[in-house]
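Let me begin by presenting the structure, written as C-alpha coordinates, before commenting on it.
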Amino acid sequence: MPEMTFRIWRGDSSGGAFAEYRTEVTEGMVVLDAVHAIQAEQAPDLAVRWNCKAGKCGSCSAEVNGRPKLMCMSRCGDLPPGETVTIEPMKAFPLLRDLTTDVSSNFRAKMAVKPFKPRPPDAPDGTWRMDQADIDRPQEFRKCIECFLCQDVCHVLRNHEKHDSFIGPRHFVYAAALEMHPLDTENRLADLKGEQGIGYCNITKCCTKVCPEHITITDNAIIPLKERVVDEFYDPVKKLFRIFRPGNARR
Amino acid sequence: MTRTDVPLPQHQGFGATSRRDAWWAQPLLVFLGLSAFVVYSTWAAFQGVEYHFSGRGANYLSPFYSPELFGDSPHAWFGPKPTWYPTWLPWSPALLILWAPAGFRFTCYYYRGAYYKAFWADPPNCAVGEPRSGYRGEHTFPLILQNIHRYFFYLALLFIVILSYDAWRGFWFADADGGERLGVRLGSIVLLVNVILLSGYTLGCHSLRHLVGGGLDRLSGRPVRKKTYDCVSCLNRGHMRWAWASLFWVGFTDFYVRMCAKGVFTDVSIIG
(Lines give C-alpha, C1' and ligand atoms only; values in the text may rest on other atoms or scores of the structure.)
Protein backbone atom coordinates (compact mmCIF):
# COMPACT_ATOMS: atom_id res chain seq x y z
CA MET A 1 0.00 0.00 0.00
CA PRO A 2 1.32 3.50 -0.81
CA GLU A 3 2.41 5.85 1.93
CA MET A 4 1.73 9.57 2.16
CA THR A 5 3.52 12.20 4.20
CA PHE A 6 1.41 14.49 6.38
CA ARG A 7 2.75 17.70 7.89
CA ILE A 8 0.50 18.40 10.86
CA TRP A 9 0.52 21.43 13.13
CA ARG A 10 1.35 20.44 16.69
CA GLY A 11 1.14 22.96 19.47
CA ASP A 12 -1.04 24.99 21.76
CA SER A 13 -1.55 28.60 22.77
CA SER A 14 2.06 28.86 23.94
CA GLY A 15 3.48 27.93 20.53
CA GLY A 16 4.11 24.99 18.28
CA ALA A 17 5.57 23.62 15.08
CA PHE A 18 4.80 21.30 12.21
CA ALA A 19 5.49 17.58 12.68
CA GLU A 20 5.80 15.14 9.78
CA TYR A 21 4.21 11.69 9.76
CA ARG A 22 4.13 9.00 7.13
CA THR A 23 1.23 6.61 7.00
CA GLU A 24 -0.28 4.09 4.62
CA VAL A 25 -3.14 5.30 2.50
CA THR A 26 -5.67 2.96 0.92
CA GLU A 27 -8.23 3.65 -1.74
CA GLY A 28 -11.19 5.71 -0.51
CA MET A 29 -9.41 7.04 2.57
CA VAL A 30 -10.10 10.62 3.58
CA VAL A 31 -7.70 12.98 5.37
CA LEU A 32 -9.48 12.37 8.67
CA ASP A 33 -8.82 8.61 8.29
CA ALA A 34 -5.13 9.37 7.81
CA VAL A 35 -5.12 11.64 10.89
CA HIS A 36 -6.80 8.87 12.89
CA ALA A 37 -4.21 6.36 11.66
CA ILE A 38 -1.40 8.72 12.74
CA GLN A 39 -3.14 9.23 16.07
CA ALA A 40 -3.49 5.47 16.60
CA GLU A 41 0.01 4.48 15.50
CA GLN A 42 2.37 7.41 16.04
CA ALA A 43 0.87 10.34 17.96
CA PRO A 44 -1.72 9.29 20.54
CA ASP A 45 -1.72 12.81 21.99
CA LEU A 46 -2.69 14.45 18.68
CA ALA A 47 -5.81 16.55 19.33
CA VAL A 48 -8.42 16.45 16.60
CA ARG A 49 -12.15 17.15 16.83
CA TRP A 50 -14.46 14.87 14.88
CA ASN A 51 -17.78 13.16 15.17
CA CYS A 52 -19.85 11.88 12.24
CA LYS A 53 -17.22 11.30 9.55
CA ALA A 54 -19.99 11.94 7.03
CA GLY A 55 -19.79 15.68 6.39
CA LYS A 56 -22.82 16.44 8.52
CA CYS A 57 -21.60 17.39 11.99
CA GLY A 58 -19.12 20.10 10.99
CA SER A 59 -16.60 19.09 13.65
CA CYS A 60 -13.47 18.19 11.67
CA SER A 61 -12.92 21.58 10.02
CA ALA A 62 -9.26 22.29 9.30
CA GLU A 63 -7.03 23.58 6.56
CA VAL A 64 -5.74 20.99 4.13
CA ASN A 65 -2.95 22.36 1.94
CA GLY A 66 -4.04 25.85 2.92
CA ARG A 67 -7.70 25.38 1.96
CA PRO A 68 -10.41 25.34 4.63
CA LYS A 69 -12.08 21.92 4.40
CA LEU A 70 -13.83 19.21 6.32
CA MET A 71 -11.16 16.54 6.77
CA CYS A 72 -13.78 13.81 6.49
CA MET A 73 -14.80 15.05 3.04
CA SER A 74 -11.28 15.45 1.65
CA ARG A 75 -10.21 12.31 -0.17
CA CYS A 76 -6.51 11.49 -0.02
CA GLY A 77 -6.75 10.39 -3.65
CA ASP A 78 -7.72 13.91 -4.68
CA LEU A 79 -4.54 15.41 -3.22
CA PRO A 80 -1.44 15.93 -5.37
CA PRO A 81 0.29 12.50 -5.50
CA GLY A 82 3.73 12.26 -4.00
CA GLU A 83 3.52 15.60 -2.25
CA THR A 84 3.47 16.26 1.48
CA VAL A 85 0.01 17.17 2.72
CA THR A 86 -0.15 20.10 5.15
CA ILE A 87 -2.89 20.01 7.78
CA GLU A 88 -3.41 23.06 10.00
CA PRO A 89 -6.09 24.22 12.41
CA MET A 90 -8.53 26.92 11.33
CA LYS A 91 -6.74 30.25 11.53
CA ALA A 92 -9.62 32.57 12.30
CA PHE A 93 -10.09 31.15 15.81
CA PRO A 94 -7.95 30.89 18.93
CA LEU A 95 -5.92 27.71 18.98
CA LEU A 96 -6.65 25.17 21.72
CA ARG A 97 -4.27 22.38 20.75
CA ASP A 98 -3.00 20.81 17.53
CA LEU A 99 -5.94 20.79 15.12
CA THR A 100 -8.58 22.02 17.55
CA THR A 101 -9.64 25.63 17.91
CA ASP A 102 -11.97 27.54 20.19
CA VAL A 103 -15.00 28.32 18.05
CA SER A 104 -17.12 29.60 20.93
CA SER A 105 -17.06 33.17 19.58
CA ASN A 106 -19.45 31.88 16.93
CA PHE A 107 -22.03 30.88 19.49
CA ARG A 108 -21.84 34.32 21.10
CA ALA A 109 -22.21 35.94 17.69
CA LYS A 110 -25.25 33.78 16.97
CA MET A 111 -26.91 34.82 20.19
CA ALA A 112 -26.57 38.45 19.12
CA VAL A 113 -28.93 37.83 16.19
CA LYS A 114 -32.53 38.52 17.19
CA PRO A 115 -34.42 35.21 17.40
CA PHE A 116 -37.39 34.03 15.35
CA LYS A 117 -40.52 36.03 16.10
CA PRO A 118 -43.50 34.51 14.29
CA ARG A 119 -46.75 36.28 13.54
CA PRO A 120 -49.83 35.10 15.50
CA PRO A 121 -50.91 31.56 14.51
CA ASP A 122 -53.09 31.24 11.41
CA ALA A 123 -55.35 28.53 12.85
CA PRO A 124 -57.13 28.13 16.21
CA ASP A 125 -54.98 25.09 16.98
CA GLY A 126 -51.90 27.33 17.10
CA THR A 127 -50.47 26.32 13.72
CA TRP A 128 -49.38 28.35 10.70
CA ARG A 129 -49.79 27.95 6.97
CA MET A 130 -46.90 28.56 4.60
CA ASP A 131 -46.40 28.12 0.90
CA GLN A 132 -43.41 25.96 -0.07
CA ALA A 133 -42.34 28.63 -2.56
CA ASP A 134 -41.91 31.08 0.31
CA ILE A 135 -39.89 28.75 2.48
CA ASP A 136 -37.51 27.57 -0.27
CA ARG A 137 -35.03 30.36 0.42
CA PRO A 138 -34.75 29.89 4.20
CA GLN A 139 -34.53 26.12 3.66
CA GLU A 140 -31.30 26.52 1.71
CA PHE A 141 -29.79 28.29 4.71
CA ARG A 142 -31.03 25.59 7.09
CA LYS A 143 -28.58 23.18 5.46
CA CYS A 144 -25.77 24.89 7.39
CA ILE A 145 -23.88 22.40 9.60
CA GLU A 146 -21.97 25.09 11.47
CA CYS A 147 -18.55 23.84 10.46
CA PHE A 148 -17.41 27.52 10.49
CA LEU A 149 -15.22 27.05 7.42
CA CYS A 150 -16.87 30.17 5.96
CA GLN A 151 -15.91 32.11 9.09
CA ASP A 152 -12.39 30.73 8.83
CA VAL A 153 -11.83 31.77 5.22
CA CYS A 154 -13.46 35.19 5.58
CA HIS A 155 -10.59 37.68 5.50
CA VAL A 156 -12.51 40.14 7.69
CA LEU A 157 -12.18 37.65 10.55
CA ARG A 158 -9.10 35.73 9.45
CA ASN A 159 -6.80 38.64 8.55
CA HIS A 160 -8.41 41.65 10.16
CA GLU A 161 -9.79 39.95 13.30
CA LYS A 162 -12.96 42.02 13.40
CA HIS A 163 -14.74 39.47 15.59
CA ASP A 164 -16.11 42.30 17.72
CA SER A 165 -17.74 44.22 14.90
CA PHE A 166 -18.52 41.62 12.23
CA ILE A 167 -20.56 38.48 12.79
CA GLY A 168 -19.31 36.73 9.65
CA PRO A 169 -20.89 34.72 6.84
CA ARG A 170 -22.27 31.90 8.99
CA HIS A 171 -24.32 34.34 11.00
CA PHE A 172 -25.44 36.31 7.98
CA VAL A 173 -26.81 33.02 6.68
CA TYR A 174 -28.53 32.53 10.03
CA ALA A 175 -29.90 36.08 9.98
CA ALA A 176 -31.07 35.63 6.37
CA ALA A 177 -32.90 32.41 7.27
CA LEU A 178 -34.84 34.34 9.90
CA GLU A 179 -35.17 37.61 8.03
CA MET A 180 -36.57 35.96 4.86
CA HIS A 181 -38.83 33.56 6.74
CA PRO A 182 -42.46 34.13 5.71
CA LEU A 183 -43.71 33.91 9.30
CA ASP A 184 -41.07 36.08 10.92
CA THR A 185 -41.97 39.62 11.96
CA GLU A 186 -38.71 40.78 13.51
CA ASN A 187 -36.57 43.49 11.90
CA ARG A 188 -32.82 42.82 12.14
CA LEU A 189 -31.61 45.35 9.58
CA ALA A 190 -30.40 47.99 12.04
CA ASP A 191 -28.33 45.35 13.84
CA LEU A 192 -26.95 44.02 10.57
CA LYS A 193 -25.90 47.49 9.47
CA GLY A 194 -24.56 48.46 12.89
CA GLU A 195 -22.95 46.14 15.40
CA GLN A 196 -23.09 43.06 13.12
CA GLY A 197 -21.14 44.91 10.42
CA ILE A 198 -22.53 43.58 7.15
CA GLY A 199 -20.81 46.52 5.43
CA TYR A 200 -17.43 44.94 6.15
CA CYS A 201 -18.20 42.14 3.72
CA ASN A 202 -16.54 42.99 0.40
CA ILE A 203 -18.08 40.10 -1.51
CA THR A 204 -15.01 37.97 -2.14
CA LYS A 205 -17.28 34.89 -2.24
CA CYS A 206 -14.62 32.86 -0.41
CA CYS A 207 -17.31 31.74 2.05
CA THR A 208 -19.42 30.33 -0.78
CA LYS A 209 -16.43 28.51 -2.25
CA VAL A 210 -15.61 26.60 0.96
CA CYS A 211 -19.15 25.73 2.07
CA PRO A 212 -19.39 21.90 2.22
CA GLU A 213 -23.18 22.16 1.99
CA HIS A 214 -22.91 24.28 -1.16
CA ILE A 215 -24.99 27.10 0.29
CA THR A 216 -24.75 30.10 -2.03
CA ILE A 217 -23.84 32.27 0.93
CA THR A 218 -22.84 35.46 -0.85
CA ASP A 219 -25.45 35.64 -3.60
CA ASN A 220 -28.43 34.24 -1.72
CA ALA A 221 -27.84 35.45 1.84
CA ILE A 222 -25.35 38.29 2.19
CA ILE A 223 -26.11 40.35 -0.93
CA PRO A 224 -29.91 40.14 -0.40
CA LEU A 225 -29.35 41.30 3.19
CA LYS A 226 -27.12 44.13 1.94
CA GLU A 227 -29.90 45.13 -0.45
CA ARG A 228 -32.44 45.14 2.39
CA VAL A 229 -30.09 47.35 4.40
CA VAL A 230 -29.89 49.70 1.38
CA ASP A 231 -33.71 49.78 1.28
CA GLU A 232 -33.88 50.70 4.93
CA PHE A 233 -31.00 53.14 5.31
CA TYR A 234 -29.49 54.38 2.06
CA ASP A 235 -32.13 54.56 -0.67
CA PRO A 236 -33.88 57.97 -0.56
CA VAL A 237 -36.67 56.86 -2.90
CA LYS A 238 -37.49 53.87 -0.71
CA LYS A 239 -37.52 56.15 2.30
CA LEU A 240 -39.98 58.38 0.48
CA PHE A 241 -42.19 55.38 -0.28
CA ARG A 242 -42.21 54.44 3.38
CA ILE A 243 -43.60 57.88 4.27
CA PHE A 244 -46.62 57.19 2.10
CA ARG A 245 -46.80 53.45 2.79
CA PRO A 246 -45.94 53.00 6.46
CA GLY A 247 -45.57 49.49 7.86
CA ASN A 248 -43.38 46.61 6.87
CA ALA A 249 -43.37 46.44 3.08
CA ARG A 250 -41.49 43.13 3.06
CA ARG A 251 -44.34 40.94 4.18
CA MET B 1 -18.40 39.34 21.50
CA THR B 2 -14.94 38.91 22.96
CA ARG B 3 -11.86 37.17 21.73
CA THR B 4 -8.84 35.81 23.48
CA ASP B 5 -5.61 36.56 21.70
CA VAL B 6 -3.34 33.56 21.51
CA PRO B 7 -0.44 32.75 19.19
CA LEU B 8 -1.71 31.06 16.06
CA PRO B 9 0.15 29.41 13.21
CA GLN B 10 -0.82 32.44 11.13
CA HIS B 11 0.57 33.25 7.74
CA GLN B 12 1.20 36.95 7.99
CA GLY B 13 2.13 39.24 5.15
CA PHE B 14 1.24 39.73 1.55
CA GLY B 15 0.80 36.48 -0.34
CA ALA B 16 1.56 34.23 2.63
CA THR B 17 -0.44 31.02 2.39
CA SER B 18 -0.24 27.24 2.63
CA ARG B 19 -2.15 26.90 -0.62
CA ARG B 20 -0.29 24.88 -3.22
CA ASP B 21 -2.39 25.78 -6.23
CA ALA B 22 -1.83 28.75 -8.56
CA TRP B 23 -3.97 31.05 -6.39
CA TRP B 24 -2.46 34.09 -8.09
CA ALA B 25 -3.71 33.07 -11.56
CA GLN B 26 -7.35 34.13 -11.14
CA PRO B 27 -6.68 37.64 -9.74
CA LEU B 28 -3.96 38.11 -12.35
CA LEU B 29 -6.37 37.24 -15.17
CA VAL B 30 -8.97 39.61 -13.71
CA PHE B 31 -6.34 42.33 -13.41
CA LEU B 32 -5.21 41.88 -17.01
CA GLY B 33 -8.77 41.58 -18.36
CA LEU B 34 -10.13 44.65 -16.60
CA SER B 35 -6.98 46.68 -17.27
CA ALA B 36 -7.11 45.86 -20.97
CA PHE B 37 -10.75 46.92 -21.11
CA VAL B 38 -10.18 50.16 -19.21
CA VAL B 39 -7.22 51.10 -21.41
CA TYR B 40 -9.05 50.32 -24.66
CA SER B 41 -12.37 51.92 -23.67
CA THR B 42 -10.62 55.08 -22.41
CA TRP B 43 -8.67 55.34 -25.66
CA ALA B 44 -11.82 54.75 -27.71
CA ALA B 45 -13.86 57.23 -25.68
CA PHE B 46 -11.35 60.02 -26.25
CA GLN B 47 -11.11 59.45 -30.02
CA GLY B 48 -14.39 61.22 -30.85
CA VAL B 49 -14.19 60.03 -34.46
CA GLU B 50 -14.91 56.82 -36.43
CA TYR B 51 -17.52 55.66 -33.95
CA HIS B 52 -20.28 55.20 -36.51
CA PHE B 53 -20.40 53.44 -39.84
CA SER B 54 -22.71 54.32 -42.68
CA GLY B 55 -20.91 52.60 -45.54
CA ARG B 56 -23.23 50.90 -48.06
CA GLY B 57 -26.23 52.33 -46.24
CA ALA B 58 -25.40 50.82 -42.80
CA ASN B 59 -26.56 52.37 -39.51
CA TYR B 60 -23.99 51.17 -37.00
CA LEU B 61 -23.17 53.18 -33.90
CA SER B 62 -20.51 52.14 -31.39
CA PRO B 63 -22.06 51.25 -28.00
CA PHE B 64 -19.44 53.48 -26.34
CA TYR B 65 -21.11 56.44 -28.07
CA SER B 66 -24.75 55.47 -27.68
CA PRO B 67 -26.86 57.45 -26.96
CA GLU B 68 -25.02 60.15 -28.86
CA LEU B 69 -26.50 63.21 -27.19
CA PHE B 70 -24.38 65.71 -29.08
CA GLY B 71 -22.09 64.93 -32.00
CA ASP B 72 -21.44 65.05 -35.68
CA SER B 73 -22.93 61.73 -36.77
CA PRO B 74 -26.51 61.26 -38.01
CA HIS B 75 -27.23 59.48 -34.70
CA ALA B 76 -26.86 62.66 -32.60
CA TRP B 77 -30.04 63.45 -30.66
CA PHE B 78 -29.52 67.17 -30.14
CA GLY B 79 -27.15 68.16 -32.93
CA PRO B 80 -23.43 68.96 -32.92
CA LYS B 81 -21.18 69.78 -29.95
CA PRO B 82 -22.95 72.49 -27.93
CA THR B 83 -21.42 75.97 -27.89
CA TRP B 84 -21.68 76.12 -24.10
CA TYR B 85 -19.34 73.12 -23.68
CA PRO B 86 -16.20 74.36 -21.85
CA THR B 87 -13.29 74.71 -24.24
CA TRP B 88 -10.80 73.54 -21.62
CA LEU B 89 -12.55 70.18 -21.29
CA PRO B 90 -11.66 67.41 -23.73
CA TRP B 91 -14.58 66.68 -26.01
CA SER B 92 -16.01 63.41 -27.22
CA PRO B 93 -19.67 62.33 -27.33
CA ALA B 94 -18.69 59.23 -25.34
CA LEU B 95 -17.51 61.29 -22.37
CA LEU B 96 -21.06 62.57 -21.82
CA ILE B 97 -22.54 59.12 -21.30
CA LEU B 98 -19.90 56.49 -20.48
CA TRP B 99 -19.92 57.34 -16.77
CA ALA B 100 -23.29 55.59 -16.43
CA PRO B 101 -22.40 52.08 -17.70
CA ALA B 102 -18.96 52.47 -16.09
CA GLY B 103 -20.64 53.26 -12.77
CA PHE B 104 -22.93 50.26 -13.16
CA ARG B 105 -19.99 47.92 -13.66
CA PHE B 106 -17.86 49.59 -10.98
CA THR B 107 -20.56 49.16 -8.32
CA CYS B 108 -21.65 45.69 -9.53
CA TYR B 109 -21.49 43.09 -6.77
CA TYR B 110 -19.55 40.65 -8.95
CA TYR B 111 -16.97 43.17 -10.12
CA ARG B 112 -16.53 44.54 -6.61
CA GLY B 113 -15.43 41.16 -5.30
CA ALA B 114 -13.23 40.65 -8.36
CA TYR B 115 -11.40 43.97 -8.38
CA TYR B 116 -10.99 44.16 -4.61
CA LYS B 117 -8.93 41.00 -5.04
CA ALA B 118 -7.18 41.80 -8.31
CA PHE B 119 -6.40 45.50 -7.83
CA TRP B 120 -6.38 45.97 -4.07
CA ALA B 121 -5.33 42.51 -2.84
CA ASP B 122 -8.07 42.67 -0.24
CA PRO B 123 -7.55 39.68 -0.10
CA PRO B 124 -5.37 38.59 -3.06
CA ASN B 125 -7.35 35.35 -3.02
CA CYS B 126 -9.14 33.18 -0.48
CA ALA B 127 -6.93 32.19 2.48
CA VAL B 128 -3.99 34.26 1.22
CA GLY B 129 -2.27 36.94 3.29
CA GLU B 130 -2.92 40.62 2.65
CA PRO B 131 -0.49 43.52 2.26
CA ARG B 132 -2.11 45.77 4.89
CA SER B 133 -3.58 45.38 8.35
CA GLY B 134 -6.17 48.19 8.35
CA TYR B 135 -9.58 47.44 6.89
CA ARG B 136 -12.84 49.37 6.54
CA GLY B 137 -14.54 47.40 3.79
CA GLU B 138 -17.81 48.89 2.59
CA HIS B 139 -18.76 49.84 6.13
CA THR B 140 -17.66 53.47 5.89
CA PHE B 141 -16.71 56.14 3.36
CA PRO B 142 -15.68 55.85 0.57
CA LEU B 143 -16.78 52.31 -0.26
CA ILE B 144 -20.12 52.74 1.48
CA LEU B 145 -21.00 54.64 -1.71
CA GLN B 146 -21.16 51.27 -3.50
CA ASN B 147 -24.71 51.12 -2.15
CA ILE B 148 -25.67 53.44 -5.01
CA HIS B 149 -25.58 50.42 -7.33
CA ARG B 150 -29.36 50.21 -7.86
CA TYR B 151 -29.43 53.75 -9.25
CA PHE B 152 -26.78 52.86 -11.79
CA PHE B 153 -28.91 49.83 -12.60
CA TYR B 154 -31.85 52.09 -13.50
CA LEU B 155 -29.57 53.98 -15.89
CA ALA B 156 -28.16 50.75 -17.31
CA LEU B 157 -31.71 49.58 -18.08
CA LEU B 158 -32.24 52.76 -20.06
CA PHE B 159 -29.06 52.03 -22.01
CA ILE B 160 -30.33 48.54 -22.85
CA VAL B 161 -33.45 50.08 -24.42
CA ILE B 162 -31.32 52.49 -26.47
CA LEU B 163 -28.82 49.82 -27.52
CA SER B 164 -31.71 47.53 -28.51
CA TYR B 165 -32.93 50.28 -30.82
CA ASP B 166 -29.39 50.63 -32.21
CA ALA B 167 -29.26 46.87 -32.83
CA TRP B 168 -32.63 47.06 -34.62
CA ARG B 169 -31.36 49.95 -36.75
CA GLY B 170 -28.34 47.79 -37.56
CA PHE B 171 -30.62 45.54 -39.62
CA TRP B 172 -31.85 48.40 -41.83
CA PHE B 173 -29.81 49.67 -44.75
CA ALA B 174 -30.36 52.81 -46.82
CA ASP B 175 -31.22 52.32 -50.47
CA ALA B 176 -29.91 54.44 -53.33
CA ASP B 177 -33.46 55.79 -53.81
CA GLY B 178 -33.62 57.14 -50.27
CA GLY B 179 -35.66 54.26 -48.78
CA GLU B 180 -34.56 51.54 -46.36
CA ARG B 181 -34.48 47.76 -46.70
CA LEU B 182 -34.08 44.99 -44.18
CA GLY B 183 -30.86 43.02 -44.34
CA VAL B 184 -28.32 41.15 -42.31
CA ARG B 185 -24.63 41.88 -42.34
CA LEU B 186 -21.90 40.84 -39.99
CA GLY B 187 -22.19 44.21 -38.23
CA SER B 188 -25.92 43.59 -37.61
CA ILE B 189 -25.04 40.34 -35.83
CA VAL B 190 -22.24 42.02 -33.84
CA LEU B 191 -24.65 44.73 -32.59
CA LEU B 192 -27.36 42.16 -31.83
CA VAL B 193 -25.03 39.88 -29.85
CA ASN B 194 -23.83 42.97 -27.99
CA VAL B 195 -27.30 43.90 -26.77
CA ILE B 196 -28.14 40.27 -25.92
CA LEU B 197 -25.03 39.91 -23.76
CA LEU B 198 -25.50 43.31 -22.12
CA SER B 199 -29.13 42.42 -21.39
CA GLY B 200 -28.12 39.08 -19.88
CA TYR B 201 -25.68 40.89 -17.63
CA THR B 202 -27.97 43.79 -16.70
CA LEU B 203 -31.10 41.68 -16.14
CA GLY B 204 -29.19 39.33 -13.84
CA CYS B 205 -28.22 42.21 -11.55
CA HIS B 206 -28.42 41.50 -7.80
CA SER B 207 -30.21 44.81 -7.22
CA LEU B 208 -32.85 43.93 -9.81
CA ARG B 209 -33.27 40.53 -8.19
CA HIS B 210 -33.95 42.29 -4.93
CA LEU B 211 -36.28 44.86 -6.46
CA VAL B 212 -38.47 42.37 -8.36
CA GLY B 213 -39.07 40.06 -5.43
CA GLY B 214 -36.00 39.33 -3.35
CA GLY B 215 -36.96 42.07 -0.94
CA LEU B 216 -40.21 40.31 -0.13
CA ASP B 217 -40.60 37.43 2.30
CA ARG B 218 -43.66 36.07 0.53
CA LEU B 219 -43.93 35.68 -3.23
CA SER B 220 -46.77 33.16 -3.21
CA GLY B 221 -49.94 34.79 -4.46
CA ARG B 222 -47.85 37.13 -6.63
CA PRO B 223 -47.34 34.99 -9.76
CA VAL B 224 -45.87 37.71 -11.97
CA ARG B 225 -43.31 38.79 -9.39
CA LYS B 226 -42.48 35.17 -8.58
CA LYS B 227 -41.87 34.37 -12.25
CA THR B 228 -39.82 37.55 -12.71
CA TYR B 229 -37.79 36.77 -9.59
CA ASP B 230 -37.12 33.24 -10.85
CA CYS B 231 -36.02 34.56 -14.26
CA VAL B 232 -33.69 37.16 -12.76
CA SER B 233 -32.33 34.55 -10.33
CA CYS B 234 -31.62 32.26 -13.27
CA LEU B 235 -29.59 34.97 -15.02
CA ASN B 236 -28.01 35.95 -11.71
CA ARG B 237 -26.53 32.47 -11.28
CA GLY B 238 -24.36 33.14 -14.33
CA HIS B 239 -23.73 36.80 -13.52
CA MET B 240 -19.96 36.45 -13.68
CA ARG B 241 -20.05 34.82 -17.11
CA TRP B 242 -22.50 37.42 -18.43
CA ALA B 243 -20.29 40.16 -16.97
CA TRP B 244 -17.16 38.99 -18.78
CA ALA B 245 -18.86 38.04 -22.04
CA SER B 246 -20.65 41.39 -22.28
CA LEU B 247 -17.51 43.30 -21.29
CA PHE B 248 -15.48 41.66 -24.02
CA TRP B 249 -18.20 41.97 -26.63
CA VAL B 250 -19.02 45.62 -26.00
CA GLY B 251 -15.34 46.41 -26.54
CA PHE B 252 -15.27 44.23 -29.64
CA THR B 253 -18.40 45.94 -31.02
CA ASP B 254 -16.72 49.34 -30.74
CA PHE B 255 -13.62 47.86 -32.38
CA TYR B 256 -15.68 46.35 -35.21
CA VAL B 257 -17.54 49.61 -35.95
CA ARG B 258 -14.28 51.54 -35.73
CA MET B 259 -12.49 49.18 -38.12
CA CYS B 260 -15.41 49.35 -40.56
CA ALA B 261 -15.36 53.15 -40.36
CA LYS B 262 -11.61 53.17 -40.97
CA GLY B 263 -12.07 50.88 -43.95
CA VAL B 264 -9.95 48.13 -42.42
CA PHE B 265 -12.84 45.63 -42.13
CA THR B 266 -15.32 44.90 -44.89
CA ASP B 267 -18.82 44.51 -43.46
CA VAL B 268 -19.80 41.16 -44.99
CA SER B 269 -23.39 40.77 -46.24
CA ILE B 270 -25.19 37.67 -45.00
CA ILE B 271 -28.79 38.25 -46.17
CA GLY B 272 -30.00 40.97 -48.49
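Lettering of chains follows the sequences in order, A, B, ..., and the numbering in each one begins at 1. Values reported hereafter were calculated over all heavy atoms of this structure, with side chains retained and with hydrogens, waters and symmetry mates removed.
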Query raised in the report: Which of these passes side chain to side chain contact (heavy atoms under 4.5 Å, CB included) with A:Asp134: B:Asp217, B:Leu219, B:Leu216?
Result: B:Leu219
Report summary line: Correct closest heavy-atom pair for A:Val153 and B:Cys126 would be CG2-CB, 4.0 Å
Requested in this report: Report, as yes or no, whether the 6.0 Å neighbourhood of atom CE on A:Met130 holds more than 12 heavy atoms from other residues, nucleotides or ligands.
Outcome: yes
Query raised in the report: Does the side chain of B:Arg237 reach to within under 4.5 Å of the side chain of A:Thr216, using non-hydrogen atoms?
Result: no
**Report entry** A:Asn202 side chain near B:Arg112 side chain, heavy-atom distance below 4.5 Å
**Finding:** no
Query raised in the report: Does some side-chain heavy atom of A:Arg67 sit less than 4.5 Å from a side-chain heavy atom of B:Asp21?
Result: yes
Query - Close side-chain approach of A:Pro224 and B:His210, heavy atoms under 4.5 Å - result: no
**Report entry** OH on B:Tyr110 to OG1 on A:Thr218, rounded to 0.5 Å
**Finding:** 13.0 Å
Requested in this report: Could you tell me which portion of A:Cys207 (side chain, backbone, both or neither) has an atom closer than 4.5 angstrom to a non-hydrogen atom of chain B?
Outcome: neither
Query raised in the report: So, A:Asp219 versus B:His206: side-chain donor-acceptor pair below 3.5 Å or not?
Result: yes
Query raised in the report: Which atom pair, heavy atoms only, marks the closest approach of A:Gly66 to B:Ser18?
Result: CA-CB, 3.5 Å
Query raised in the report: B:Gly137, B:Gly214, B:Ser220: which one forms the most heavy-atom pairs within less than 4.5 Å of chain A?
Result: B:Ser220
Requested in this report: Any chance you could measure A:Ile223, atom CD1, to B:Cys205, atom SG, to the nearest 0.5 Å?
Outcome: 9.5 Å
Requested in this report: Looking only at non-hydrogen atoms, find the nearest pair between A:Pro182 and B:Arg218 and report the distance.
Outcome: CB-CG, 3.6 Å
Query raised in the report: Atom CG in B:Asn147, atom CZ in A:Phe233: separation rounded to 0.5 Å?
Result: 11.5 Å
Query raised in the report: Can you tell me if CZ on B:Arg241 sees more than 12 non-hydrogen neighbours from other groups inside 6.0 Å?
Result: no
Report task. Under 4.5 Å, counting heavy-atom pairs only, tell me which of B:Ala114, B:Ala127, B:Gly113 racks up the most with chain A. Result -> B:Ala127
Query raised in the report: Heavy-atom distance under 4.5 Å to chain A: side chain of B:Ser133, backbone, both or neither?
Result: backbone
**Report entry** Nearest atoms (heavy-atom pairs only) where B:Asp122 meets A:Thr204
**Finding:** O-CG2, 4.1 Å
Report task. Give, for atom NZ of A:Lys226 and atom NE2 of B:His149, the distance between the pair rounded to the nearest 0.5 Å. Result -> 12.0 Å
Report task. Tell me, for A:Val237 versus chain B, whether the close heavy atoms (under 4.5 Å) come from the side chain, the backbone, both or neither. Result -> both
Query raised in the report: Would you find a donor on one side and an acceptor on the other, under 3.5 Å apart, between the side chain of A:Asn65 and the backbone of B:Arg19?
Result: no
Query raised in the report: Should we say atom CZ of A:Arg142 is surrounded by more than 12 heavy atoms from elsewhere, each under 6.0 Å from it?
Result: no
Query - Which atoms of A:Asp152 approach chain B - backbone, side chain, both or neither, heavy atom under 4.5 Å - result: neither
Report task. Check the side chains of B:Arg20 and A:Thr86 for a donor-acceptor pair under 3.5 angstrom, ignoring hydrogens and angles. Result -> yes
Query raised in the report: Parallel, tilted or perpendicular for A:Tyr200 and B:His139, by the 30°/60° rule?
Result: parallel
Query raised in the report: If you measure from CG on A:Asn220 to OG on B:Ser233, what distance do you get to the nearest 0.5 Å?
Result: 7.5 Å
Query raised in the report: Side-chain contact, heavy-atom cut-off 4.5 Å: A:Pro236 with B:Tyr151?
Result: yes
Requested in this report: Heavy atoms only, distances under 4.5 angstrom: which of A:Lys205, A:Lys238, A:Arg137, A:Glu83 has the most pairs with chain B? Name it, please.
Outcome: A:Arg137
Report task. Determine whether B:Tyr135 and A:Val156 make a side-chain contact, defined as any pair of heavy atoms from C-beta on separated by less than 4.5 Å. Result -> yes
Query raised in the report: Checking heavy atoms, do the side chain of A:Lys209, its backbone, both or neither come under 4.5 Å from chain B?
Result: side chain
Query raised in the report: If you draw a 6.0 Å radius around CZ in B:Phe255, do more than 12 non-hydrogen atoms from other residues or ligands fall strictly inside?
Result: no
Requested in this report: Check whether any side-chain heavy atom of B:Arg150 lies under 4.5 Å from a side-chain heavy atom of A:Asp231, and answer yes or no.
Outcome: yes
Query raised in the report: If you measure from the Lys or Arg side-chain nitrogens to the Asp or Glu carboxylate oxygens, is any gap between B:Arg209 and A:Glu227 under 4.0 Å?
Result: no
Query raised in the report: What's the shortest heavy-atom distance between A:His160 and B:Gly134, and which atoms?
Result: CE1-O, 3.8 Å
